[in-house]
Structure formats: structure tokens, C-alpha cells
Amino acid sequence: MKTSYPQYVKLLEERLTPKRFRHSLNVMERAVELAKIHGADPQKAELAGLIHDIEKNSPPKILLQSLQKSGILLSDADWVSPQLWHAPCGYLYARDRLGIADGDVLNAIRYHTTGRAGMSLLEKVVYLADLTSADRDFSDVKEVRRLADRDLDAALFYSLQFIIGDLVRQGKPLQPDSLACYNEIALARAKAEEQRIMKGGSCYGK
Ligand code: FE
Ligand code: FE
């Protein structure tokens with residue numbers, strides 16, 4: 001697989017399980033694809049996609065130490081969800097050890113598991129590349145892939161509906177950034193719908 005960042009491929013191979021390493025290459029490829037479709041910077045997408053899971057296989061104890069040292073505040077929901085820690089820790093690793101200074105690339109890594117309100121185009125591309133990479137096989141993946149090719153917000157919304165709904169059904173806490181991301185899109189959709197109704201005037205004055 002060709003990449004502009006061969007120096008990171010070796011590092012990832014050393015740090016990750018073979019499965020996670022393959023996933024990282026797949027996410028890189030998918031991120032470039034989505035960036036090209038939606039007009040994001042393909043080089044930044046390639047870099048963020050490649051290293052987004054660089055801390056995925058590090059022990060939770062080490063990740064927690066890294067977070068505590070950094071001053072990043074964890075929400076209550078984060079404390080009980082160690083599987084989320086690799087994203088902010090990946091951001092710290094990229095910034096502090098790899099010397100990556102691009103804020104958009106760093107945020108794309110930091111928010112790749114939760115999303116957040118006000119995501120940039122690159123953040124959405126990486127979030128959805130992670131969900132729709134070639135190795136993903138959850139039941140709705142084809143639909144999310146189809147949506148992501150066409151409309152990033154629609155794909156993001158569809159994914160969050162699924163993820164949040166699933167957490168609610170299991171009685172698990174909701175992560176505030178994911179909730180804020182969901183609400184932002186849900187509100188935009190509700191406003192667009194209201195405007196559509198107002199313009200049509202079908203419900204009013206008849
Ligand atoms: Fe991840
Ligand atoms: Fe991932």
C-alpha cells in the first residue's frame with residue numbers, strides 16, 4: 001500500500017496488533033477516498049487516518065497516566081469507558097512524540113471515537129473512514145458507506161443514532177461530545193424541516 005508517510009507505517013506495525021495495523025491502513029485508504037469525494041485535504045486525511053489508532057493497543061493504565069499528565073479533563077462517561085481513551089491519547093502522542101502540529105489533523109485523531117459539536121470536514125472524514133473502512137463488517141456498514149460517499153452529515157447522523165440508541169438500550173451512559181454532535185445535526189435537520197413546512201404553508205392557515 002502506497003503512503004506519503006512510510007516513517008509511521010513501521011512505528012504502527014511495532015505498536016499495534018496485526019489486526020489493528022491492517023485496520024489503520026484501511027482507514028488511511030478510506031480517509032483519502034472520502035477526502036477526495038468531499039473536498040477535504042487528502043494528505044491530512046491520509047496522515048490522520050493512518051495514525052488515528054496509534055494508542056489503541058496501549059494498556060489502560062498507561063493511557064490514564066498520559067491523560068492525567070496532559071491536563072485533559074475526562075467527562076464522567078469517559079471515566080467508565082476506557083475504550084475511548086486511545087483517541088485523546090493518540091492526539092497527545094501525535095502532538096508530543098511525533099511533533100505533528102496541524103490542529104485539524106490532531107483534532108481528527110482526538111475526536112475519532114466520539115465526534116463532537118462543530119466538527120471540521122477533516123474530522124468528519126476521519127470519523128467516517130474509521131467506521132466504514134474495508135475491515136468493518138457490522139450489520140449496517142453498507143448503508144453507512146453509501147451515505148458517507150454522498151453526504152457526511154447524513155452518515156454521521158445515521159451512525160450516531162445507531163450508537164446512541166444502542167447505548168441507551170443497554171442502559172449505558174452517553175458521552176457528552178457524542179451527544180453534542182448528535183444534537184447539533186438533529187437541530188439542523190429539525191430547523192430545515194420547519195423551514196420547509198413554513199415555505200410550503202401546508203399546515204398553517206387552512
Ligand atoms: Fe479508534
Ligand atoms: Fe479505528
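The analysis underlying the following values was restricted to heavy atoms, covering all of them including side chains, and did not include hydrogens, waters or symmetry mates. We count ligands from 1, going down the list as the structure has it; atoms in each ligand are counted the same way.
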From the Fe ion (ligand 1) out to just under 2.8 Å, does an N/O/S atom of Asp130 turn up?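 No - counting backbone and side chain alike, Asp130 has no N, O or S atom under 2.8 Å.
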
Taking N, O or S atoms only and a limit of 2.8 Å, check whether His52 reaches the Fe ion (ligand 1). no

Asp104-Ser120 side chain donor-acceptor pair, cut-off 3.5 Å: yes

Side chains of Ser4 and Glu46: any donor to acceptor distance under 3.5 Å?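 The answer is yes; a qualifying pair exists.
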
Given Asp78 and Ser81, is the side-chain hydrogen bond (donor to acceptor under 3.5 Å, both in side chains) satisfied, shown in steps? CA-CA 5 Å; Asp78 288 319; Ser81 312; 6.0 Å; no

Check the pair Arg20 / Asp135 against salt bridge (charged side-chain N to carboxylate O under 4.0 Å, His left out), numbers first and verdict last. CA-CA 10 Å; Arg20 186 59 49 180; Asp135 51 299; over 6 Å; no

His112 atom NE2 and Asp53 atom OD1 as seen from the Fe ion (ligand 1), angle to 10 degrees: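 NE2 of His112, the Fe ion (ligand 1) and OD1 of Asp53 span an angle of about 90°.
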
